[in-house]
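I have placed the structure first, in the form of structure tokens, so that the comments after it can refer back to it.
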There are 2 protein chains.
Amino acid sequence: MLNNNSDRLSEIFGALADPTRRAILVQLTQGPTTVGALQTPTPMSAPALSRHLKVLERAGLISREVEAQWRRCRLQAAGLRDAAEWIAEYRSFWDDKFDSLDAYLEETGKDSRTNSTRGAPDNDTD
Amino acid sequence: MLNNNSDRLSEIFGALADPTRRAILVQLTQGPTTVGALQTPTPMSAPALSRHLKVLERAGLISREVEAQWRRCRLQAAGLRDAAEWIAEYRSFWDDKFDSLDAYLEETGKDSRTNSTRGAPDNDTD
DNA sequence: ACTTTGATTAACGAAACTGTTAAATAGCTA
DNA sequence: TAGCTATTTAACAGTTTCGTTAATCAAAGT
């Protein structure tokens with residue numbers, strides 16, 4: 001587990017940190033789209049939009065296929081899965097019903113325990 | 001659903017887009033910690049670390065309590081939950097075994113099937 | 001009071017991000 | 001070939017981010 005993993009997550013989260021880019025991802029859930037079609041719901045110059053797409057592509061969240069003079073953008077959700085998996089490591093810290101021991105104690109009517117006995121996510125940084 | 005939600009997500013994802021900050025969150029899963037204790041695994045000047053903590057605090061991912069001359073940092077996972085929920089809207093796009101009916105069956109303990117009735121996430125941008 | 005310790009703010013510079021307009025590229029179409 | 005459309009790249013400016021060192025603030029110990 002080297003630095004690569006860490007930088008990849010940084011790129012994914014960084015790509016998601018912009019409302020315009022998240023809106024693009026939302027739009028792409030409706031199916032592959034040309035850049036021009038994305039421009040309508042995203043009031044922005046073509047070059048600006050193009051750069052957002054490049055950020056999303058570098059993060060692996062979309063792919064682009066050349067099709068005549070169009071570029072067809074397609075959602076690539078694997079990156080989102082990776083992000084979701086990273087965050088899921090923390091689920092026991094916000095979801096009391098997660099963590100099997102907590103669930104057991106809850107069912108048996110006992111109280112929950114403190115943070116320190118919960119499983120910690122792996123550190124993905126060098 | 002106004003712009004607020006969107007900006008909050010931007011701050012959360014932006015905070016997660018840095019390996020140092022993710023490492024801090026990992027460390028905080030071990031329990032609340034003073035800033036000084038965070039500095040050991042994070043080779044960085046104190047001011048730099050302090051600013052990372054401020055970013056995490058503004059994103060709502062940590063809280064800081066004053067305790068004598070120390071600031072005790074505590075993981076606040078609600079923000080991670082919000083991020084996870086946003087991403088989870090896309091789950092059907094990476095997980096073929098997931099759709100709303102599958103989710104229902106999963107919750108009710110029944111087996112999962114495969115299906116292509118995918119739902120689109122809500123657009124959280126203005 | 002004076003010093004030490006823990007942490008933040010101030011000030012600064014380098015690098016990255018975001019948007020713009022103008023120019024370039026590439027593929028259709030006439 | 002010329003011209004139109006779709007998209008990207010170049011060049012530029014404003015803002016933000018990230019790190020540094022120096023200075024400041026606040027609490028504790030002596």
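Sequence lines set the chain letters: A, B, ... in the order given, protein chains first and strands last, and positions in each chain run from 1.
B/Phe13 and B/Trp86 have perpendicular rings, their planes meeting at more than 60° on a 0 to 90° scale where under 30° would count as parallel.
For the residue pair B/Arg74 and B/Thr33, no side-chain donor N or O sits within less than 3.5 Å of a side-chain acceptor on the partner.
Rounded to whole Å, atom C1' of D/dT20 lies 13 Å from atom CD of B/Gln39. Between the C1' atom of C/dA16 and the CZ atom of A/Arg58 lies a distance of 12 Å, rounded to the nearest Å.
Applying side-chain hydrogen bond (donor to acceptor under 3.5 Å, both in side chains) to A/Ser63 and the options A/Arg71, A/Glu57, A/Gln76 leaves one that passes, A/Gln76.
With sequence neighbours left out, the salt bridge (Lys or Arg N to Asp or Glu O under 4.0 Å) criterion links B/Asp82 to B/Arg8.
Within the 4.0 Å cut-off from OP1 or OP2 of D/dT7, not a single side-chain nitrogen or oxygen of A/Lys54 is found. Within the structure, every side-chain polar atom (N or O) of A/Arg64 is placed at least 4.0 Å from both OP1 and OP2 of D/dT7.
Across A/Leu49 and A/Leu38, no two heavy atoms sit closer than the pair CD2-C, 4.0 Å.
B/Met44 and B/Leu56 fall into different hydrophobic clusters, where Ile, Leu, Val, Met, Phe, Trp and Tyr are joined by side-chain heavy atoms under 4.5 Å apart, directly or via other members.
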In 5'-to-3' order, the base (B), backbone-only (S) or no-contact (-) status of each nucleotide in nucleotides 25-30 of chain D, using a 4.0 angstrom heavy-atom cut-off, is --SS--
Going 5' to 3' along nucleotides 17-24 of chain C, which nucleotides have protein heavy atoms under 4.0 Å from the base (write B), which only from the sugar-phosphate (write S), and which from neither (write -)?
-BBBBB--
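A donor-acceptor pair under 3.5 Å is formed between the side chain of A/Arg22 and the backbone N or O of A/Leu16.
Across all strands shown, A/Arg72 has no heavy atoms under 4.0 Å from either base or sugar-phosphate atoms.
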List the steps, then state whether side-chain contact (heavy atoms from CB on, under 4.5 Å) holds for A/Val35 with A/Cys73.
CA-CA 7 Å; A/Val35 177; A/Cys73 303; 4.0 Å; yes
